[in-house]
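Presented below is the structure to which this report refers.
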Amino acid sequence: MAKADIKPKSIHHAKKWSDDVENLYRFQQAGYRDEFEYKQVKKVDMVECWPETGFVKKLQRRDNTFYYYDKQRECEDKEVHKVKVYVY
Amino acid sequence: MGFFVLFGFVFKVRGPPIAGAFKERPTKPTAFRKFYERGDFPIALEHDTKGNKIAWKVEIEKLDYHYYLPLFFDGLCEMTFPYEFFARQGIHDMLEHGGNKILPVIPQLIIPIKNALSLRNRQVICITLKVLQHLVVSADMVGEALVPYYRQILPVLNIFKNMNGCTEMNNFIYYSLHVQFI
């Protein structure tokens, strides 16, 4: 069964920043749990990312407006603990 | 001779009146504010700005930069929320994702930049300088494209360059000299 169809089993808050935490932060800013939910809701295979850093570049929100993100890190240390990490 | 010395002691000669070089100029209504209030910008205005982002109704890649970028730059003169926020963030997003669409628009950005600097407001000047820093790294040859317009941008910066805390201003001036002469 594809991960996109499975609900997460557990959730915890991020403790330390990493590239994955940065991308989770970006997805959650746009109103999604993570990349799996975004692909499921928007029915896309790929997410547009910055080639230099691999961070998410652009997301379409549920109201069909667009969020654009910087090439560099946007999630500050004080925001890291608010990022939710979902375990499948 | 003694009469003139006595005259100088009795009547103090005052210096010239203050020219007002540092005095802030009053702001005028901007085209940015007019378009914003009409809802002409492709940005979601009611959005929650907790994340310090604006939501675009149209993909930035599809925007006409010749039309919208000068309008956003016109908003640099704004000092109050939400105008100042949307202008600044809109410029940031458009420069970050504009690529080769930015260079042809440079000539149209000079008047809004000059107007913003002419206000002589410290906050506006600092924000404009940060925008200029972003502009010159946003695409190739942008710095060089600004050289013919230095005579319009640099004079106001020259007035403030010796003031304390003007790091951005000094950085931009040194960058300008570097691009022009090296």
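All values derive from a computational prediction rather than experimental measurement. Letters go in sequence order (proteins before strands), and every chain restarts at 1.
The aromatic rings of A:Tyr68 and B:Trp56 stand perpendicular to each other, their planes meeting at an angle above 60°, with 30° marking the opposite boundary.
Residue B:Met79 places its CE atom among more than 12 non-hydrogen atoms of other residues, nucleotides or ligands, all under 6.0 Å distant. Crowding of B:Asp64 atom CG: a count of heavy atoms from other residues, nucleotides or ligands under 6.0 Å exceeding 12. Counting heavy-atom neighbours within 6.0 Å of B:Arg38 CZ, excluding the residue itself, gives a total above 12. Atom NZ of A:Lys84 has 12 or fewer neighbouring heavy atoms from other residues, nucleotides or ligands inside a 6.0 Å radius.
Among all heavy-atom pairs drawn from B:His97 and A:Trp50, the shortest one is CE1-CZ2, 3.5 Å.
Contact annotation for A:Lys58: only side-chain heavy atoms (C-beta onward) come within less than 4.5 Å of a heavy atom of chain B.
Residue B:Glu59 holds its CD atom at 11.5 Å from OG1 of A:Thr65, rounded to the nearest 0.5 Å. Rounding to the nearest 0.5 Å gives a distance of 14.0 Å between CZ of A:Phe66 and CD1 of B:Ile54.
B:Leu103 and B:Ile110 fall within a single hydrophobic cluster, where Ile, Leu, Val, Met, Phe, Trp and Tyr are joined by side-chain heavy atoms under 4.5 Å apart, directly or via other members.
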